[in-house]
Enquirer: 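I'd like to ask you about the structure that follows.
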Amino acid sequence: MKIGIDKIGFATSQYVLQMDDLAQSRGADPEKFSKGLLLNALSISPITDDIITLGASAADSILTEEDRASIDMVIVATESSVDQSKAAAVYVHSLLGIQPFARSVEMKEACYSATAALDYARLHVDKHPEAKVLVIASDIAKYGAETPGESTQGAGSVAMLITQNPHILELNDNTLAQTRDIMDFWRPNYSTTPYVNGMYSTKQYLDMLKTTWLEYQKRFETSLTDFAAFCFHLPFPKLALKGFNKIMDKSLPAELQEKLQENFENSILYSKQIGNIYTGSLFLGLLSLLENSQNLVAGDQIAFFSYGSGAVAEIFTGKLVEGFQNQLKASRLRELKERIVLSVEEYEKIFFEEAVLDEAGNASFANYKTGPFALKEIREHQRIYGKVND
Ligand code: CAA
């Protein structure tokens with residue numbers, strides 16, 4: 001049975017911080033960000049636009065009433081969860097009006113877990129061919145002001161509908177994961193921002209890419225010549241470029257090398273304007289590739305490198321299906337230009353705002369701009385979400 005990504009949607013916050021402004025404020029050379037990290041802007045979310053509102057918004061942009069009536073599983077993959085017990089997927093299920101007889105869960109392993117969610121979805125549809133699974137990768141990447149990771153923050157969600165006979169990408173059976181118990185990036189329960197061994201994390205990312213890709217090629221008797229594009233987890237696009245250069249085989253025909261290079265450039269266009277969105281960034285790379293590449297055709301194979309600190313990596317692949325172009329949007333880069341530009345001072349206030357609860361556990365918030373959904377208030381320690389216009 002053919003199973004894969006039938007639809008893909010994306011949402012990010014309505015506010016943006018320009019890297020040049022950050023560079024000026026931090027006394028850094030702007031080229032360190034634009035050339036050293038390949039980043040131009042970061043999406044900044046206010047307290048009322050969290051992983052749940054962004055996830056619901058990404059999914060709402062692709063779902064029909066028929067989808068909502070037939071989805072039987074909702075998985076939210078995240079490492080910026082809002083609750084240690086209740087799954088973000090339960091809130092999202094409710095906001096989207098999905099039929100009640102569905103399973104809703106949250107998955108975690110740093111930036112990797114959406115890849116595990118995709119595989120779970122694929123196995124579920126294999127067993128229940130009429131099922132539709134909604135996989136949402138949703139994160140707010142927050143390192144803290146004036147930290148080394150500050151320049152790689154971001155916010156956003158990618159939603160994917162996994163079905164049989166998909167309209168975008170068929171997922172292949174061949175996947176290979178690797179696990180290493182390392183401390184490159186982690187966030188203990190008591191901390192709102194992660195602890196990071198930044199340089200070590202980049203080395204681990206690149207080494208897990210190299211070793212997983214070598215083993216993948218051996219096990220599945222494949223090589224770069226079988227692929228039209230390679231998408232990478234994008235903590236910041238420059239690291240993915242290093243990964244791309246690592247796997248590039250210089251003995252390949254120049255034409256194929258150029259095609260792979262061009263497709264790589266297209267896969268990082270959105271991340272350059274958004275920053276890191278942790279679990280979603282690999283799939284944001286896919287969306288950016290599909291919506292901007294001019295050379296992809298049905299039947300093309302795409303490889304994916306997923307990486308989550310801690311660490312788990314995986315390589316998996318998929319095949320573009322006939323008519324995939326019809327599921328995409330051409331206006332995404334233009335829409336990103338419509339975000340409200342924040343000064344560094346405003347960004348520091350908005351991005352790091354924490355709820356101030358009264359004795360009864362109530363909190364209210366300023367009226368920030370969000371997508372169609374917002375966190376409206378906290379009432380007796382309960383997060384109350386709703387549609388913006390209700
Ligand atoms: N002009 C042009 N380039 C410049 C420059 C200038 N004036 N000044 C510096 N640069 C370049 C540097 O040469 C360097 O490029 P190369 O790596 O190609 O040499 C680049 O800009 C970055 O500069 P630094 O090496 O000084 O590094 P930094 O202080 O910006 O820190 C980082 C980089 C450690 C990755 C930091 O951003 C960080 O801690 N990030 C968070 C951790 C992270 O993203 N890790 C990635 C792997 S882990 C993962 O993938 C999971 C996840 O999503 C977090």
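All heavy atoms count here, side chains included; hydrogens, waters and symmetry mates do not. Just so we're clear, the structure is a prediction, and the values are computed from it rather than from any experiment.
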Enquirer: Report, one line per pair, each donor and acceptor closer than 3.5 Å where one atom sits in a side chain of residues 159-166; sequence neighbours left out.
Expert:
residue: Gln164; atom: NE2; partner: Pro129; partner atom: O; Å: 2.9
residue: Gln164; atom: NE2; partner: Glu130; partner atom: OE2; Å: 3.4

Enquirer: If we ignore hydrogens and angles and just use 3.5 Å, is the side chain of Asp6 paired with the main-chain N or O of His167 as donor and acceptor?
Expert: yes
Enquirer: Search all heavy atoms of Leu54 against all heavy atoms of Ser138 and return the closest pair with its distance.
Expert: CB-OG, 4.3 Å
Enquirer: On a heavy-atom basis, which atom in Ser151 and which in Met19 lie closest, and how many Å separate them?
Expert: O-CE, 3.3 Å
Enquirer: Working to the nearest 0.5 Å, report the span between CG of Asn295 and CG of Leu260.
Expert: 9.0 Å
Enquirer: Nearest 0.5 Å please: distance from the CD atom of Glu291 over to the CG atom of Leu287.
Expert: 4.0 Å
Enquirer: Looking at OG1 of Thr370 and CG of Asn367, how far apart are the two atoms once the value is rounded to the nearest 0.5 Å?
Expert: 8.5 Å
Enquirer: Cut-off 3.5 Å, no hydrogens considered: what does the side-chain donor-acceptor table look like for residues 235-245, sequence neighbours left out?
Expert:
residue: Lys238; atom: NZ; partner: Gly36; partner atom: O; Å: 3.4
residue: Asn245; atom: ND2; partner: Leu241; partner atom: O; Å: 3.4

Enquirer: Taking C-beta and beyond as the side chain, do Thr222 and Phe227 meet within less than 4.5 Å on heavy atoms?
Expert: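 The answer is yes; the side chains approach within 4.5 Å.
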Enquirer: Using the rule that two of Ile, Leu, Val, Met, Phe, Trp, Tyr join whenever any of their side-chain heavy atoms come within less than 4.5 Å, decide whether Phe352 and Ile350 are in one cluster.
Expert: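 In one cluster with Phe352: Ile350, yes.
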Enquirer: Test your reading of the model: is there a side-chain donor-acceptor pair from Tyr216 to the backbone of Asn174, 3.5 Å cut-off?
Expert: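 The answer is yes, because a donor-acceptor pair under 3.5 Å joins these two groups.
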Enquirer: List the atom pairs, with distances to 0.1 Å, where a side-chain N or O of residues 296-306 and a protein N or O form a donor-acceptor pair under 3.5 Å, not counting sequence neighbours.
Expert:
residue: Asp300; atom: OD2; partner: Val297; partner atom: N; Å: 2.9
residue: Gln301; atom: OE1; partner: Asn172; partner atom: ND2; Å: 2.9
residue: Ser306; atom: OG; partner: Thr115; partner atom: OG1; Å: 2.7

Enquirer: Among the clusters formed by ILVMFWY side chains lying less than 4.5 Å apart, do Val92 and Val105 turn up in the same one?
Expert: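 Looking at the clustering, Val105 is in a separate group from Val92.
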Enquirer: Do Tyr307 and Asp184 come close enough that some side-chain heavy atom pair is under 4.5 Å?
Expert: yes
Enquirer: Keeping the roles fixed (side chain from Asn362, backbone from Glu380), state whether a donor-acceptor pair exists under 3.5 Å.
Expert: yes
Enquirer: Is Glu79 reaching over with its side chain to a backbone N or O of Thr279, donor-acceptor style, under 3.5 angstrom?
Expert: no
Enquirer: Here's a test for you: under side-chain contact (heavy atoms from CB on, under 4.5 Å), which of Cys111, Ser271, Ser288 qualifies with Leu234?
Expert: Ser271
Enquirer: Under the ring-ring contact (aromatic ring centres under 6.0 Å, His included) definition, can you give me all pairs with a residue in residues 106-126, not counting sequence neighbours?
Expert: His124-His128
Enquirer: Might you point out which heavy atoms bring Ser45 and Ile140 nearest each other, and give the distance in Å?
Expert: OG-CD1, 3.2 Å
Enquirer: Write down the atom of Asp50, the atom of Thr53, and the distance for their closest heavy-atom approach.
Expert: N-OG1, 2.8 Å
Enquirer: Would you say the side-chain atoms of Asp83 and Ser85 include a donor-acceptor pair closer than 3.5 Å?
Expert: no
Enquirer: For Gln99, look at atom CD and say whether over 12 heavy atoms of other residues, nucleotides or ligands are found less than 6.0 Å away.
Expert: yes
Enquirer: Per the ring-ring contact (aromatic ring centres under 6.0 Å, His included) rule, what does the pair list look like for residues 267-296, sequence neighbours excluded?
Expert: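 Residue pairs with at least one partner in residues 267-296: Phe185-Tyr278.
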Enquirer: Would the distance check show the side chain of Arg332 and the main-chain N or O of Asn292 forming a donor-acceptor pair, the cut-off being under 3.5 Å?
Expert: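 No, the answer is negative, given that no donor and acceptor are paired below the 3.5 Å cut-off.
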Enquirer: Ignoring hydrogens and geometry, is there a side-chain-to-backbone donor-acceptor pair from Thr211 to Asp207 under 3.5 Å?
Expert: yes
Enquirer: Nearest 0.5 Å, please: how far is CG in Leu176 from CD in Gln217?
Expert: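 Nearest 0.5 Å value for the CD-CG distance: 11.0 Å.
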Enquirer: Using a strict cut-off of less than 4.0 Å between a Lys/Arg side-chain nitrogen and an Asp/Glu carboxylate oxygen, indicate whether Glu354 and Lys142 qualify as a salt bridge.
Expert: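 A salt bridge is absent here (no side-chain N lies under 4.0 Å from a carboxylate O).
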Enquirer: To the closest 0.5 Å, what do you measure between OG (Ser25) and CG (Asp21)?
Expert: 8.5 Å
Enquirer: So which atom in Ala41 and which in Gln18 form the shortest heavy-atom distance, rounded to 0.1 Å?
Expert: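 In this case the closest contact between Ala41 and Gln18 is CB-OE1, 3.8 Å.
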Enquirer: Give the table of side-chain donor-acceptor pairs shorter than 3.5 Å for residues 57-65, with sequence neighbours excluded, one pair per line with atom names and distance.
Expert:
residue: Asp60; atom: OD1; partner: Arg68; partner atom: NH1; Å: 3.2
residue: Asp60; atom: OD1; partner: Arg68; partner atom: NH2; Å: 3.1
residue: Ser61; atom: OG; partner: Ala58; partner atom: O; Å: 2.7
residue: Thr64; atom: OG1; partner: Glu66; partner atom: N; Å: 3.4
residue: Thr64; atom: OG1; partner: Asp67; partner atom: N; Å: 3.0
residue: Thr64; atom: OG1; partner: Asp67; partner atom: OD2; Å: 3.1

Enquirer: With a 3.5 Å distance limit and no angle check, can you tell me whether Gln257 reaches the backbone of Leu252 through a side-chain donor-acceptor pair?
Expert: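 Checking the backbone N and O of Leu252 against the side chain of Gln257, a donor-acceptor pair under 3.5 Å is found.
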Enquirer: Does Leu289 share a hydrophobic cluster with Leu333, counting links as ILVMFWY side-chain heavy atoms below 4.5 Å and allowing steps through other members?
Expert: yes
Enquirer: Would you please name every residue forming a side chain to side chain donor-acceptor pair (under 3.5 Å) with Lys349, sequence neighbours left out?
Expert: none
Enquirer: With a 3.5 Å distance limit and no angle check, can you tell me whether Thr212 reaches the backbone of Glu314 through a side-chain donor-acceptor pair?
Expert: no
Enquirer: Can you list every pair that meets ring-ring contact (aromatic ring centres under 6.0 Å, His included) and has a residue in residues 63-109, with sequence neighbours left out?
Expert: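 Sorted result for residues 63-109: Tyr91-Tyr385.
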Enquirer: If only side-chain N and O atoms count, and only distance matters, is there a donor-acceptor pair under 3.5 Å linking Gln14 with Asp49?
Expert: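 On atom types as modelled, these side chains do not qualify, holding no pair under 3.5 Å.
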Enquirer: In the hydrophobic cluster built from side-chain contacts under 4.5 Å, what are the other members alongside Val321?
Expert: none
Enquirer: Side-chain contact, heavy-atom cut-off 4.5 Å: Tyr347 with Glu150?
Expert: yes
Enquirer: Looking at every heavy atom in both Asp119 and Arg122, which two are closest together, and how far apart are they?
Expert: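 Minimum heavy-atom contact is OD1-NH2, 2.7 Å.
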Enquirer: Has the side chain of Asp29 got a donor or acceptor atom that lies under 3.5 Å from a matching backbone atom of Glu31?
Expert: yes
Enquirer: With clusters defined by side-chain heavy atoms of hydrophobic residues (ILVMFWY) lying less than 4.5 Å apart, directly or transitively, does Val135 cluster with Ile51?
Expert: no
Enquirer: Taking the hydrophobic residues Ile, Leu, Val, Met, Phe, Trp and Tyr, and joining any pair whose side-chain heavy atoms are under 4.5 Å apart, which ones share a cluster with Trp186?
Expert: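 Other cluster members: Met183, Tyr190, Tyr195.
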Enquirer: Please indicate whether Lys376 has more than 12 foreign heavy atoms, meaning atoms of other residues, nucleotides or ligands, lying under 6.0 Å from its NZ.
Expert: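 Count over threshold, so yes.
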Enquirer: When you group the ILVMFWY residues by side-chain heavy-atom contacts below 4.5 Å and let the links chain together, are Val90 and Leu134 in the same group?
Expert: no
Enquirer: Hey, does the side chain of Tyr205 reach the backbone of His233 with a donor-acceptor pair shorter than 3.5 angstrom?
Expert: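 Flag set: sc Tyr205 to bb His233 pair under 3.5 Å.
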Enquirer: Only counting residues at least two apart or in another chain, list the ones meeting side chain to side chain donor-acceptor pair (under 3.5 Å) with Asn197.
Expert: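 With neighbours one apart ignored, the set is empty.
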Enquirer: Who are the ring-ring contact (aromatic ring centres under 6.0 Å, His included) partners of Phe365, not counting sequence neighbours?
Expert: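 Expected list: none.
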